[in-house]
Amino acid sequence: MAYFTMTKMALKWALKKPVTKQYPFVPRVPMPGARGQLEFTKDNCTYCTVCGKKCPTKAIVVNRQAKKWTLDRLLCISCNACVEICPKDCLQLNGHHGTVVVTKDKEIHG
Ligand code: SF4
Ligand code: SF4
């Protein structure tokens, strides 16, 4: 009896469409309200370091003297704290999933 039930269930699931997507070959549509990835616009940045101090994961490091703004994207949890605190509106969360990466390079602007 158990064998019959198990076979029936296996056949039922084998004939269903997969519930997962073939990411990254099939792009994922972001959920409504998703925060997405952090974007930095350097034009108005004064390298005040406030965003780096506010970041809970230390994903942002700002070097005021060298005028370098660095993001470790793998540390960013899209919490929005830096976006809210930036006095120059240089930071935004874009609402989209990021691209798949195979290296742990940091993004350096400056
Ligand atoms: S808080 Fe804004 S202006 Fe200040 S360093 Fe960060 S991005 Fe630049
Ligand atoms: S969104 Fe949050 S975790 Fe990401 S860089 Fe800004 S403060 Fe840090």
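Note that ligands are numbered from 1 as they come in the structure, with each ligand's atoms numbered from 1 the same way. Note that the coordinates shown come from a computational prediction; the quantities given were computed from them, not determined experimentally.
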Notebook entry, point to check: Does ligand 1 have an atom that lies less than 4.0 angstrom from a heavy atom of Gly52?
Noted result: no
Next item on the list: Please round to the nearest 0.5 Å and tell me the distance separating atom CG of Leu93 and atom CD of Gln37.
Entry: 9.5 Å
Next item on the list: With heavy atoms under 4.0 Å as the rule, classify the contact between Thr49 and ligand 1 as side chain, backbone, both or neither.
Entry: backbone
Next item on the list: Would you mind running through ligand 1 and noting each atom that sits below 4.0 Å from a heavy atom of Phe40?
Entry: 7 (S)
Margin query: Please list, in number order, the atoms of ligand 1 under 4.0 Å from a heavy atom of Cys90.
Written below: 7 (S)
Next item on the list: Enumerate the atoms of ligand 2 whose separation from the nearest heavy atom of Cys82 is less than 4.0 angstrom.
Entry: 1 (S), 5 (S), 6 (Fe), 7 (S)
Checklist line | Ligand-residue contact atoms, ligand 2 with Asn80, heavy atoms, under 4.0 Å | finding: 1 (S), 2 (Fe)
Margin query: Counting non-hydrogen protein atoms only, what is the nearest one to atom 8 (Fe) of ligand 1? Give residue, atom name and distance.
Written below: Cys45 SG, 2.3 Å
Next item on the list: Heavy-atom contacts with Pro87 under 4.0 Å: which atoms of ligand 1 show up? List them by number with element.
Entry: 1 (S)
Check: Atoms of ligand 1 less than 4.0 Å from Thr46 heavy atoms?
Finding: 3 (S)
Margin query: Once you restrict to heavy atoms under 4.0 Å, what part of Cys86 touches ligand 1? Side chain, backbone, both or neither.
Written below: both
Next item on the list: State the atoms of ligand 2, each with its element, that fall below the 4.0 Å cut-off from a heavy-atom position in Ile77.
Entry: 3 (S), 4 (Fe)
Checklist line | Protein contact to atom 5 (S) of ligand 1 [nearest heavy atom, distance to 0.1 Å] | finding: Cys48 N, 3.3 Å
Item checked: Which of the ligand 2 atoms, numbered from 1, are nearer than 4.0 Å to a heavy atom of Cys55 -> 3 (S), 5 (S), 7 (S), 8 (Fe)
Check: With a 4.0 Å heavy-atom cut-off (strictly under), which part of Leu75 contacts ligand 2: side chain, backbone, both or neither?
Finding: neither
Check: Just wondering, is there an N, O or S atom on Cys76 that's nearer than 2.8 Å to atom 4 (Fe) of ligand 2?
Finding: yes
Next item on the list: Test Trp69 against Phe40 for ring pair (Phe, Tyr, Trp, His ring centres under 6.0 Å), laying out the working first.
Entry: CA-CA 9 Å; Trp69 187 96; Phe40 171 65; 3.9 Å; yes
Check: Which bit of Ile60 gets closer than 4.0 Å to ligand 2, counting heavy atoms only: side chain, backbone, both or neither?
Finding: side chain
Checklist line | Cys79 backbone or side-chain N/O/S under 2.8 Å from atom 8 (Fe) of ligand 2 | finding: no
Check: What do we get for Cys51 next to ligand 2 when only non-hydrogen atoms under 4.0 Å count, side chain, backbone, both or neither?
Finding: neither
Next item on the list: Using modelled atom types only, decide if a donor and an acceptor are shared between the side chain of Arg35 and the backbone of Ser78 within a distance under 3.5 Å.
Entry: yes
